Amino acid sequence: MNIQTAAAARYAKGSVILHWLIALLIALNFVAAWVAEDMPKPEKMQVMGNHKAIGLIVLALTVLRIVWRLMHKPPPLAETLKAWEVALAKVTHAAFYFLMLGIPLAGWAMSSGGSGGKPVGIFGLFAVPALPVGSDKPTVGMFHEMHEIGATLMLVLIAVHVAGALKHRIIDKDRQALLRMTMRP
Ligand code: HEM
Ligand code: HEM
């Protein structure tokens, strides 16, 4: 394979930027939720305020990413991939998009109901209104449950996704696989 063909099989620049920006923000949000758990109330409120803002930014960026994805075809998959690898990648990617929308939406609904309709501040810049959901315990509890189960599922997906990427790089010694989600030098 010459350099020209090798370099051609990459995602569009916008897809690459959105992939890594969203991945970073999701990782930050897991860390924020975990560290907030053991904090005293005022600090916890502060950290969870940032968690909510970051989560809503992930939601907005994901909508943008899905629109972008519909407008930019991904590079064709390597012909050397086995059918099960293609199927697993497709299912994992689709489930990622579902959870990248579902987790923040459930969080937003939980926060809206739990606070009795308080808007979510985005780093003091502006506020996102609450969703019109009930503030009774079962409703808030249901969104909490969805948020938590979604986040747990996402951890499983991240493990599968990263294991897949490393398998191509380390076991199959395929340098191109990871480079697909990078920008041209
Ligand atoms: C929270 C973390 C992450 C999320 C939510 C995520 C999500 C996604 C999604 C949805 C796609 C499919 C893109 C599309 O075709 O529309 C994708 C592709 C990809 N991701 Fe991630 N990702 C994450 C972290 C990572 C990490 C840590 C790595 C590297 C170790 C990685 C490497 C890749 C690569 C190489 C592709 C391209 C797959 C292909 O060749 O088709 N991702 N990711
Ligand atoms: C990238 C998106 C997000 C991820 C990955 C994420 C992940 C998590 C995780 C792992 C927890 C701890 C598990 C639990 O106790 O439920 C949590 C808790 C929480 N999240 Fe999120 N979250 C996201 C977005 C949001 C958004 C957008 C909001 C609200 C606007 C939100 C509000 C909350 C609240 C209020 C809690 C604490 C629940 C409690 O224990 O009382 N999250 N989140």
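Just so you know, ligand 1 is whichever comes first in the structure, and atom 1 is the first atom listed for that ligand. For clarity, every value in this text was computed on a predicted model and none was experimentally measured.
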Here the pair of heavy atoms bringing Ser135 nearest to Gly116 is CB-CA, 4.3 Å
For atom 15 (O) of ligand 1, which protein heavy atom lies nearest, and how many Å away is it? Tyr11 OH, 2.7 Å
Number the atoms of ligand 1 from 1 as they appear, then name those within less than 4.0 Å of a heavy atom of Val162, with their elements. 27 (C)
Report the part of Met110 (side chain from C-beta onward, or backbone N, CA, C, O) that has a heavy atom under 4.0 Å from ligand 2; answer both or neither where that applies. side chain
Please name the pair of heavy atoms, one in Ser112 and one in Val133, separated by the smallest distance, quoted to 0.1 Å. CB-CG2, 4.0 Å
Glu37/Lys44 ion pair, N-O < 4.0 Å: no
So, regarding Tyr97 and ligand 1 (criterion: nitrogen or oxygen to nitrogen or oxygen, under 3.5 Å), is there a contact or not? yes
Which of the numbered atoms in ligand 1 are under 4.0 angstrom from any heavy atom belonging to Ile158? 1 (C)
Nearest heavy-atom approach of Met110 to Val140 is O-CG1, 3.9 Å
What is the closest protein heavy atom to atom 39 (C) of ligand 1, and at what distance does it sit? Arg180 NE, 3.4 Å
To the nearest 0.1 Å, how far is atom 4 (C) of ligand 2 from its closest protein heavy atom, and which atom is that? Ile103 CG2, 3.6 Å
Give the ring-plane orientation class for Phe30 versus Trp34, where under 30° counts as parallel, over 60° as perpendicular and anything between as tilted. tilted
Counting non-hydrogen protein atoms only, what is the nearest one to atom 9 (C) of ligand 2? Give residue, atom name and distance. Ala33 CB, 3.5 Å
Looking only at protein heavy atoms, which one is nearest to atom 13 (C) of ligand 2, and what is the separation? Glu148 CG, 3.8 Å
Quick note on ligand 2: atoms under 4.0 Å from a heavy atom of Met48 include exactly 18 (C), 19 (C), 20 (N), 33 (C), 34 (C), 36 (C), 37 (C)
When you look at CE of Met39, are more than 12 heavy atoms from neighbouring residues, nucleotides or ligands closer to it than 6.0 Å? yes
For atom 43 (N) of ligand 1, which of the options Gln176, Met100, His161 provides the nearest non-hydrogen atom? His161
Ligand 2 versus His147: contacting region, heavy-atom distance under 4.0 Å: side chain
Carefully, step by step, assess Arg10 and Thr182 under the rule side-chain hydrogen bond (donor to acceptor under 3.5 Å, both in side chains). CA-CA 7 Å; Arg10 297 196 185 202; Thr182 59; 3.2 Å; yes
among protein heavy atoms, the one nearest atom 28 (C) of ligand 1 is Trp20 CH2, 3.4 Å
Closest non-hydrogen atom pair between Asn50 and Asn29, with its separation: O-OD1, 4.5 Å
Hey, does Met154 have a side-chain heavy atom less than 4.5 Å from the side chain of Ile158? yes
Please write down residue, atom name and distance for the protein heavy atom closest to atom 3 (C) of ligand 2. Asn29 ND2, 3.4 Å
His19 atom (N/O/S) at minimal separation from atom 21 (Fe) of ligand 1: NE2
Working note: Met181 + Trp20, criterion side-chain contact (heavy atoms from CB on, under 4.5 Å); need CA distance, chi angles, decisive distance, verdict. CA-CA 9 Å; Met181 204 38 107; Trp20 292 109; 3.8 Å; yes
Please assess His51 against Val47 for the test side-chain contact (heavy atoms from CB on, under 4.5 Å), listing each intermediate value before the final yes or no. CA-CA 6 Å; His51 174 94; Val47 173; 5.5 Å; no
Determine the minimum heavy-atom distance between Ala9 and Arg180, stating which atoms define it. O-CG, 3.2 Å
Check Arg169 against ligand 1 and report side chain, backbone, both or neither, counting heavy atoms closer than 4.0 Å. neither
Neighbour count above 12 (heavy atom, 6.0 Å) for Glu43 CD: yes
Would you say the ring centers of His19 and Tyr11 fall short of 6.0 Å from each other? no
Distance filter under 4.0 Å to Arg69 heavy atoms, resulting ligand 1 atoms: 14 (C), 15 (O), 16 (O)
Going by the order shown, which atoms of ligand 2 are within less than 4.0 Å of some heavy atom of Trp108? 28 (C), 29 (C), 30 (C)
Ranked by distance from atom 30 (C) of ligand 1, the top protein heavy atom is Ala165 CB, 3.9 Å
contact_flag His168 ligand 1 heavy-atom lt 4.0 Å: no
Tell me: protein heavy atom nearest atom 35 (C) of ligand 2, and distance? Lys52 CE, 3.9 Å
Taking atom NZ of Lys13 as the centre, does the number of heavy atoms from other residues, nucleotides or ligands within less than 6.0 Å exceed 12? no
So which atom in Phe143 and which in Ala106 form the shortest heavy-atom distance, rounded to 0.1 Å? CB-O, 3.7 Å
What's the spacing between Arg169 CZ and Leu179 CG if we round to 0.5 Å? 8.0 Å
Can you list the ligand 1 atoms lying under 4.0 Å from a non-hydrogen atom of Ala177? 35 (C)
Quick one: nearest non-hydrogen protein atom to atom 2 (C) of ligand 1, plus distance? Ala23 CB, 3.6 Å
For atom 32 (C) of ligand 2, the protein heavy atom that lies nearest, with its residue and separation: His51 CD2, 3.7 Å
Could you tell me the residue and atom name of the protein heavy atom closest to atom 7 (C) of ligand 1, and the distance to it rounded to 0.1 Å? Phe96 CD1, 3.5 Å
Atom 5 (C) of ligand 2 sits nearest the protein heavy atom Phe30 CE1, 3.8 Å
Numbering as shown, the atoms of ligand 2 that approach Ala151 to under 4.0 Å (heavy-atom distance): 10 (C)
Tell me the protein heavy atom at minimum distance from atom 34 (C) of ligand 1, and give that distance in Å. Met181 CB, 3.6 Å
Checking a contact table here: which protein heavy atom is nearest atom 16 (O) of ligand 2, and how many Å away? His144 NE2, 3.0 Å
